[in-house]
Amino acid sequence: MNRKISNRALGFAGILSVFFVLSWQGVSFNYDFENFFQQDDPDLDFYQEYRTTFQNDNDYLLLALKNERGIFDSAFLAEALAFSRELHQMEGVDKVISILEQKEPVIGPFGINYRPLLDWSSGETLSKSAENIKKDRQWKGNLFDEQSNTLLLLVENKQMITKEQGDALYANIEQQLKTYEFDGFKTAGKIKAQGAFVALLQEEFSFFLAFAMCGVLFLLWLMYRSWWGVILPFIIIITGIFWSLAFLLLTGGELDVMSVMQPPILMVIGLSGMVHVVNHYQSALTSKLPKEEAIYKAFKALGLPVFLTALTTSLGFVSLYFTNVPSLMWFGVYTGCGVMFMFLALFSILPFALYHLPPLPSSNRELWAKRWAGLLKYLYVNTVNKRKLVFIGFVLITLVAGYCMSRVKTNGYLLDSLPEGHALLEDFRFFDENYGGSKPLEIYLQTADDSGSLLDYQVLQEIKKLEEFIGENYNSAFIMSPLTAVKAVNKAQNRGNAKAFTLPSALAYERMQPLIERIGKTQNLKLWTEDKTEGRLSSRTADNGSLIGKWQKQKLEDFVAKNIDGKLLQVRLTGTSFLIDKSHELVTYKVFTGLGFAFLLVGIIIGFLFRSWRVSFLVLLPNIVPLVWVGCVMYWFGIEFKLSTSIVFAIAFGIAVDDSIHFMTNLRMQMMKGQDLPTALFNTFQTTGKAIVLTTIILVSGFAMLTFSDLEIPWFTGVLVSLSLIFAVLADLFWLPVLLIPFKNVIQQKVNRRLSAD
C-alpha cells in the first residue's frame, strides 16, 4: 500500500465516520425473555396461538407481604387491603388476587351467595375465618405461606405489556410499597426481571467499555512505550467499535445481555490484528529496510492473511445465526459485522499513520528480538525432534477430552445470567420455596371429539388424573383447570367445606352442571373456550433447570400415553418456561451445526491457499483441539451446556482459527520464495510464532476482562474463550508443524506447480 492509496483509505474512513455520526440513533437497551425462544419452532407457533385464545402465561407479578406477628393480624390486613386497592387503580394492572377480597360461593336454598373468605371485622370472626383457611389447601401455600408469615398478592398486569410500560408499573408499585410499614416484601415476575436485567446491562456496558479501554491502553503502553504507539491504535479501535455500534443501532438493533460483550471482544480482536501488522513492520525496520519499503512490504505480506483472519473470525460469530435464537443470532451477526468494521478501520487509518509518524522506538530493541528468536528456536527444535511423542500426546489427550466432553449435560435456568446471591435471584427462590414456584406451567387441553366437552364427567375424570400427576411430579403450586370450577361448585354445595373441594360423584355432578359455567364466568377463570372443546391447566413450579424439565416432560408424556384416555382428552405441554427449556436443549445442537458450516468455509479458504484438500484437513485438526479440550474442562468443573456456554464454541473457533490462517499464509509465502518445507516451517515458527503468542496474550487479557462481569454469559465467555485460545496456540505451534512434516512432498508439489504457473 503506497502513500496515495493510504490517503484515499483515510478519506474513506472520514466519510464513513461522518455518515455514522449524522445517523446516530442513540443507545437503547433491551432484555426480553422471548428473544431466547427458538424461532421457526412449531411449539413456539402453537404457544403464540394458544395465548391469543387464553392469555400470556407470565404476565403477572408475585408480591409477598411480610408480617412478623403473622398475617392474621387485623392492623396488617387493613394495611395490606389498602395497598391492594391502590394496586387495582394503577395503570397496567388488570386484576389483583389475594385472600383479602376473595369471595367464595356458597349454595343454599335461595341460590348462590358469595361470602368473604377472610373476615376481620372483629377478633372473633378473624380467628374463626383464619382457622378455616389454614385447613384449606386451596389457599394455604397458594395465597399465604405455610407459616402464615407472608401474604401473597398475585398482580395480573396488562397482557403483552411493553418493556417501558412494565418498568413504569413496577416502579410505581415499589414507590407505593415504601409508603407502607410492612416488615418486608418479596417480588418476582417478568416486569421486575426485565427491568432489573436492563439496569444491570447498562451498568455492565459502561463498565466493560471503560475497563476495556483502560486495558487496551495499558497493553499498548507495555508493548510500544511510545505516545503514538498508544494513541494511534486506540483511535483505530475506538473508530471500529463506533462504526459497529452505530451500524447496530442504525439497523434497528438493541443492546442486550449478549451485545454488552462486544466492546472488549472487538477491542482485543482489533488489537491482535494490529499487532501482526506492526510486528511485521517492526521486523522489517530491524532488518534495516527503509521505512516506506517496510510499510509497503508489511501490508503486501499481511493484507490477505489479516483479511482472511477477520473473515474467519466473523464467520465464527455469524455461525451463531444457525441457533435460531434471536438474541444469539443477532449477537453473532452484529459482532461478525463488527469484526469486519474493525478490519476496515485498521486498513484505512493505520497505513496513513505509519507513513506520517516516526518509527516506533521498539524497532531498535534487538535484545528482545534475539531472546524471542532463541526461545522459539528451542521450542521448534524440540518439537520436531520429539514429533512422534507430540503427535501421540495430542491425539490421546484429545480423545480423552472428547469422551469427557460427550458426558457434559445440557441444563439451564430462567435466570441463568444472574450472579449467585443477586437480590432478584433470591426473590425468585423465595417463591420457589414458599409458594410452589415462580416459573409458569401451562398445559393445553382439548377434547378428542369435536362434539365432546371438557366439562363432560368422563373428561373431568381424566383431568383429575392429570392434576394429581402434576401435583406429585412437578411439586407445583395450586392448579387451575376446568376441574377447578367443578370443585368450587361442589365445595359451595357443601357450605364451603374444604374437604368437598374435589370431583363429586357422577350423580351429584349431574345436578350441579348448570351452576358450573355460571361460577366460572363470575370468577373470570379463563379456563376453557366458549365451545368447551379447548382449555388449559395452569400452575407454577420451581425453576429446577431444563434438565429436570426435560425429564418431567418425558414423564408427563409417558403418563399421558399410559393413563389418559386419548379418545377423551388430548394433552400438550406449552408455555414460556417450556420454550426456554427447549431452547437450552436445542441451542447446543444448533451451535455445533453452525460450527460445521464455519469449519467447511475455513477448510475451503485453506484449500484455496494450498490447492490441497489434504492440507486443508490437516490444518483444521488443530482447531478441533481447543473446542474439545474446553469441553473437557467444562466436564471437569461441572459446567453444563446451556445458552450461556454453548456460544463459547462458536466464538472460540472463530478467533482460534486465526492462528492457523496466519501460520499457513506465512508458510506459503516462505515457500513461494523457494524455500523447502523444513526451512519454511522454521522461519514461519520464528516470525509468525512470535506474533501468534503476542496476540494470544492480548486476546486472553481482553477476554479475561469479562470475568469481572456480574452476568453469567459474559463470565463464562471470558473464562472458556481464554482457555480455548491458550489451547489453540499450543495446537498451532506444536501439533500443526508435526502434522505438516509427513506431507512435505505433497505441499512442495503444490507450491512448485503454483510457482510454475506464475
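Heavy atoms only: backbone and side chains are in, while hydrogens, waters and symmetry mates are out.
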### Query
Is Arg572 positioned over the aromatic face of Phe46, cation under 6.0 angstrom from the ring centre and no more than 45 degrees off axis?
yes

### Query
Would you call the rings of Phe469 and Tyr474 parallel, tilted or perpendicular if under 30° counts as parallel and over 60° as perpendicular?
perpendicular

### Presence of salt bridge, Asp167 and Lys192, under 4.0 angstrom
no

### Query
Between Phe144 and Phe72, is the ring centre distance below 6.0 Å?
yes

#### Entry: salt_bridge(Glu174, Lys178) N-O dist < 4.0 Å
no

### Task
Quick one: pull up NZ in Lys186 and CZ in Phe428 and give me the separation to the nearest 0.5 Å.
12.5 Å

### Nearest heavy-atom neighbours spanning Lys642 and Gly412
CB-CA, 4.1 Å

### Task
Sequence neighbours left out, what passes side-chain hydrogen bond (donor to acceptor under 3.5 Å, both in side chains) with Glu467? Give chain and number order.
Ser481, Lys487

### Query
Is Arg536 paired with Asp57 through a side-chain N to carboxylate O contact shorter than 4.0 Å?
no

### Query
Under 4.0 Å between a Lys/Arg side-chain N and an Asp/Glu carboxylate O for Lys134 and Glu131?
no

### Ionic contact status for Asp94 with Lys158, cut-off 4.0 Å
no

### Message
Can you tell whether the side chains of Glu124 and Lys128 come within less than 4.0 Å, N to carboxylate O?
### Response
no

### Message
Parallel, tilted or perpendicular: which one describes the rings of Phe54 and Tyr50, with boundaries at 30° and 60°?
### Response
tilted

